Amino acid sequence: MDEETIERVRTAVQSIPPGQVATYGDVADVSRAPSPRLVGRVLSEDGHDLPWHRVLRANGTCAPHLAREQLELLRAEGVLADDGKINLRQYRWAAVPPPEEPPSLF
DNA sequence: GTTTTGACGGAGA
DNA sequence: TTCTCCGCCAAAA
């Protein structure tokens with residue numbers, strides 16, 4: 001895997017402002033990761049220095065093992081969860097993709 | 001070299 | 001609305 005992709009993923013996660021959250025798909029999209037699963041893998045392996053608690057699943061829930069920590073950390077930032085689920089419509093991060101887009105072929 | 005699994009997303013039931 | 005199945009890419013066994 002390209003180290004740059006990992007770096008972009010980490011940058012994207014760090015770009016999430018407090019009080020807001022993003023989904024794995026969003027992070028994968030803005031970081032141009034090949035797959036959302038790569039985001040989870042990157043966070044799992046190298047996400048110790050990142051605000052990983054601001055990254056949730058597409059449906060607003062989080063991973064079972066992390067749910068408690070996630071909710072607690074997010075709660076400290078003002079992101080309240082209802083029944084273990086977060087209103088993405090309210091807290092979803094307005095992800096802005098980097099200007100580096102795939103070049104036009106002509 | 002192949003097979004399995006994972007901090008996931010989306011569609012179908 | 002929630003649950004299940006399939007597809008996705010990469011690393012580990």
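Chain letters run A, B, ... following the sequence lines, proteins first, then strands; residues in each count from 1. Everything numeric in this text was worked out from a predicted model, so none of it was measured. All values below were derived from every heavy atom in this structure, side-chain atoms included, with hydrogens, water molecules and symmetry-related copies excluded.
The only option from A/T23, A/I16, A/L88, A/V55 that meets the side-chain contact (heavy atoms from CB on, under 4.5 Å) definition with A/W93 turns out to be A/I16.
Taking the side chain of A/L43 as heavy atoms from C-beta on, and the options C/dA11, C/dC9, B/dA7, the nearest nucleotide is B/dA7. The side chain of A/R41 sits closest to B/dT5 out of C/dG7, B/dT5, B/dA7. Side-chain proximity of A/P34 to B/dG10, C/dC9, B/dC8: nearest is C/dC9.
Between A/L38 atom CG and C/dA10 atom P the separation is 6 Å, expressed in whole Å. In this structure, A/N87 atom CG and C/dT1 atom P are separated by 11 Å, rounded to whole Å. Nucleotide C/dC6 holds its C1' atom 11 Å from the CZ atom of A/R37, rounded to whole Å. Residue A/R32 contributes atom CZ, which lies 18 Å from atom C1' of C/dC8 at whole-angstrom precision. A/I86 has its CD1 atom 14 Å from the C1' atom of B/dA7, to the nearest Å. Rounded to whole Å, the distance from CZ on A/R57 to C1' on B/dG6 is 11 Å. What separates CD of A/E4 from P of C/dA10 is a distance of 15 Å, to the nearest Å.
Not one N or O on the side chain of A/Q70 forms a donor-acceptor pair closer than 3.5 Å with the backbone of A/P64. In this structure, the side chain of A/S44 does not engage the main chain of A/G40 through any donor-acceptor pair within 3.5 Å.
Comparing A/K85 and A/E45 by the nucleotide of DNA chain C that holds the closest heavy atom to each, the one mapping nearer the 5' end is A/K85.
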